[in-house]
Amino acid sequence: MLEIGGKTFASRLLLGTGKYPDNEKQQQAVEASETNILTFSVRRLDVFAKEQNDPLAALDLSCYDLLPNTAGAKTAEEAVRLARLARASGMCDMVKVEVIGCDKTLLPDPIETLRAAEELIKDGFIVLPYTSDDLLLARRLEELGCHAIMPAASPIGSGQGILNPLALSFIIEQMSVPVIVDAGIGSPADAAYAMELGADGVLLNSAVAHAKDPVKMARAMKLAVEAGRLGFEAGRIEKKRYATASSPTTGISRP
Amino acid sequence: MTIRLNGKNYALTEEIKTLHDLLEKLEIQGQVVIIEQNHQIIDRSSYPDTDVTSGDVIEIVHFVGGG
């Protein structure tokens with residue numbers, strides 16, 4: 001079971017919303033993923049539109065724990081404001097702190113992320129910061145009282161998978177709070193790899209939403225996360241330079 | 001009598017006295033929205049008791065898809 005801020009979750013796969021071809025596909029993919037946690041963003045409502053198209057209308061939000069993000073924020077103050085707006089919905093007390101410092105790479109601003117996390121922890125939120133794979137920053141975030149650490153595998157939406165497994169494993173080994181690999185996952189193999197490294201969970205969006213068949217990919221990711229976790233718990237064999245026979249080397253029958 | 005609503009000027013009509021009235025006028029009273037009035041987040045239960053006055057800066061936000 002994944003445990004974050006005193007809550008437990010059967011699924012170790014956290015899923016983003018939006019970017020799907022349509023609401024129905026999104027609903028089916030969310031169901032197929034068997035996730036317990038969905039992420040969202042906070043945006044202005046188009047109050048002047050003739051008709052309101054609620055992108056989340058097809059989802060029964062009461063079945064999930066909601067993890068709003070602070071995407072769009074470039075400073076700690078903006079992130080804190082977005083988090084408070086999200087909580088005022090009365091639907092959530094968790095927040096994914098996301099403070100982007102570079103528009104091209106979408107890499108997080110470490111200083112602003114740290115400041116935002118500190119303020120939101122003081123304010124009683126369950127705080128999950130999106131961060132780079134820097135061990136020392138992860139440590140600082142944990143020391144502040146963050147409830148999970150969410151290092152990126154590679155740039156958001158890039159689908160490049162895990163670029164620096166060594167850095168991720170340093171974080172995984174040293175954190176006491178859950179480590180959720182967030183951003184950059186492209187395929188089920190990436191998700192399984194993250195879990196085999198010992199991550200407590202994986203958060204992804206584009207890899208499912210932009211797949212040719214999002215519903216099938218959602219199920220693939222669910223299975224990959226489970227397989228990776230089981231593999232980690234089971235403990236893989238050591239790698240050796242040369243072959244070791246699988247079959248008995250004695251008693252070979254010859255005519 | 002105008003307010004600044006989600007970044008645009010919005011003319012208040014006679015019947016809009018509270019935030020609740022405003023949501024009704026905009027036909028979004030059934031949706032989950034969060035309102036910030038003059039940089040203060042307003043508790044959802046207070047919408048019927050919160051006056052809207054000329055010059056107010058009001059932001060109405062909601063959840064959209066995000067990763």
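Every chain is numbered from 1, with letters handed out A, B, ... down the list of sequences. All heavy atoms count here, side chains included; hydrogens, waters and symmetry mates do not.
Both the backbone and the side chain of B:Ile60 come within less than 4.5 Å of a heavy atom in chain A. Contacts between A:Ala88 and chain B at a heavy-atom distance below 4.5 Å involve backbone atoms as well as side-chain atoms. Neither the backbone nor the side chain of A:Ala183 comes within contact range of chain B, judged by heavy atoms closer than 4.5 Å. Contact annotation for A:Lys96: only side-chain heavy atoms (C-beta onward) come within less than 4.5 Å of a heavy atom of chain B.
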Output a table of donor-acceptor pairs, distance under 3.5 Å, between side-chain atoms of residues 156-163 of chain A and any protein atom two or more places apart or on a different chain; print 'none' if there are none.
unit_1   : atom_1 : unit_2   : atom_2 : d
A:Ser158 : OG     : A:Ser154 : OG     : 3.4
A:Ser158 : OG     : A:Pro155 : O      : 2.7
A:Ser158 : OG     : A:Gln160 : N      : 3.3

B:Asp49 and B:Ser46: CA distance, side-chain angles, deciding distance, side chain to side chain donor-acceptor pair (under 3.5 Å) verdict: CA-CA 5 Å; B:Asp49 314 316; B:Ser46 310; 5.4 Å; no
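Using modelled atom types, no side-chain atom of A:Glu98 and backbone atom of A:Thr70 make a donor-acceptor pair closer than 3.5 Å.
Residues B:Thr53 and B:Asp51 have side chains that never bring a donor and an acceptor to within less than 3.5 angstrom of each other. Between the side chains of A:Ser206 and A:Lys19, at least one donor-acceptor pair of N or O atoms lies under 3.5 Å.
Ranked by non-hydrogen atom pairs under 4.5 Å with chain A, the options B:Asp43, B:Val33, B:Leu5 are led by B:Leu5.
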